[in-house]
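In this chain, residues are counted from 1 in sequence order. Start at 1 and go down the list; that is how both ligands and their atoms are numbered. All values reported here derive from a predicted model rather than from experimental measurement.
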Amino acid sequence: MMDDGGRERADNDSSKKIRDVARAKELAGKRAAEFVEDGMTVGLGTGSTAYWVIQSLASRVSQGLRLRGLPTSEQTAQLARKVGIPLVTFADVHSLDLDIDGADEMDDHLQLIKGGGGALMREKLVAVAARKFIVVVDSSKRVSVLGKFPLPVEVVPFAWQTTARRVEHCGCRPHLREQDGTPFVTDNGNYVLDCFCGDIADPMGLHQQLKLLPGVVETGLFVNMATEAVVSDGIKVEVLLPQ
Ligand code: 5RP
């Protein structure tokens with residue numbers, strides 16, 4: 001049994017860890033924003049790390065940086081408008097100079113699991129349209145093999161139950177994402193299955209298998225897409241290339 005002193009130390013350790021992660025996201029986000037040059041069109045990621053990229057860019061825009069942002073979610077679009085970043089859509093541009101976005105897991109080859117915030121489909125469409133895709137993470141997201149974080153798979157609501165059964169046949173355990181007791185709905189009007197697949201030894205193989213299922217719109221496996229990663233542990237920041 002833990003005594004009061006032990007519990008207090010455990011509480012202190014866990015709040016320190018949370019502070020470190022928050023600081024790491026801020027440092028990584030601010031460093032990644034430095035990759036943006038005047039006149040660029042940039043994909044704006046979604047999540048608490050991308051938040052710092054957007055804040056840094058907003059402060060540079062207020063000092064004269066010319067920038068056009070393409071948001072990966074409605075949440076990011078709202079934030080970008082609030083902080084004064086001019087936005088474009090795919091009606092205005094076909095390609096982007098750069099995309100900067102977070103991730104839920106990243107291995108040494110910069111293969112990713114994304115979609116913890118439910119924006120995976122737009123995040124992927126923006127990432128593939130960009131000449132460079134920089135993933136920005138705190139070091140807790142680094143893994144040797146993907147799969148501890150449940151893989152988000154976006155599915156159409158119609159017949160989602162049978163789609164979930166097909167996902168099971170691919171060796172994953174799907175769980176319908178909920179929010180306030182009802183299914184979570186993406187910006188595209190779809191549902192998300194959070195899938196427990198164990199160690200994902202072949203990310204591309206699993207992605208292709210899932211993507212072929214009727215009802216699956218997109219998977220959160222981002223394979224061979226990131227060109228660089230900006231990683232921080234809350235003290236230092238590293239820029240990594242795929243190994
Ligand atoms: C949203 C995402 C995010 O990039 C991912 O969930 C990481 O988020 P955070 O930076 O808040 O940890 O894929 O769909």
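- Side-chain atoms of Thr76 never come within 3.5 Å of backbone atoms of Ser73 as a donor-acceptor pair (strictly under, hydrogens ignored).
- In summary, the atoms of ligand 1 found under 4.0 Å from a heavy atom of Lys141, numbered by their order in the structure, are 7 (C), 9 (P), 12 (O).
- Close contacts between ligand 1 and Lys114 involve ligand atoms 2 (C), 3 (C), 4 (O), 13 (O) [criterion: under 4.0 Å to a heavy atom].
- Of the protein's non-hydrogen atoms, Ser48 OG, 2.5 Å is the one closest to atom 11 (O) of ligand 1.
- By the 6.0 Å and 45° rule, Lys25 does not stack over the aromatic ring of Tyr51.
- In this structure, Lys30 contributes its side chain and Val53 its backbone to no donor-acceptor pair below 3.5 Å.
- Residue contacts with ligand 1, taken as heavy atom pairs separated by less than 4.0 Å, involve Ala103 solely via the backbone atoms N, CA, C and O.
- Contact of the Leu70 side chain with the Val93 side chain is registered, since non-hydrogen atoms from C-beta on lie closer than 4.5 Å.
- The protein heavy atom nearest to atom 2 (C) of ligand 1 is Glu123 OE2, 3.3 Å.
- Using the six-membered ring where Trp is involved, Phe133 and Phe222 have ring planes that are tilted, between 30° and 60° apart.
- Expressed to the nearest 0.5 Å, how far CE of Met225 lies from NZ of Lys132 amounts to 15.5 Å.
- Within ligand 1, the atoms closer than 4.0 Å to a non-hydrogen atom of Thr46 are 1 (C), 2 (C), 3 (C), 4 (O), numbered from 1 in the order shown.
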Go through the steps for Arg142 and Glu105 under the test salt bridge (charged side-chain N to carboxylate O under 4.0 Å, His left out), then give the verdict.
-> CA-CA 6 Å; Arg142 292 191 71 181; Glu105 272 188 358; over 6 Å; no
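- Those atoms of ligand 1 that come under 4.0 Å of a heavy atom in Gly116, given as number and element, are 6 (O), 13 (O), 14 (O).
- Backbone and side-chain nitrogen or oxygen atoms of Gly47 are examined, and none is located within less than 3.5 angstrom of a nitrogen or oxygen of ligand 1.
- Near Asp104, meaning under 4.0 Å from one of its heavy atoms, ligand 1 places the atoms 5 (C), 6 (O), 7 (C), 13 (O).
- Residue Gly118 places a heavy atom less than 4.0 Å from ligand 1.
- Nearest non-hydrogen protein atom to atom 13 (O) of ligand 1 is Gly115 N, 2.8 Å.
- An N or O contact shorter than 3.5 Å is missing between Ala50 and ligand 1 by distance.
- Of the protein's non-hydrogen atoms, Thr49 OG1, 2.6 Å is the one closest to atom 10 (O) of ligand 1.
- If you look at Asp101 next to ligand 1, the close heavy atoms, those under 4.0 Å, all belong to the side chain.
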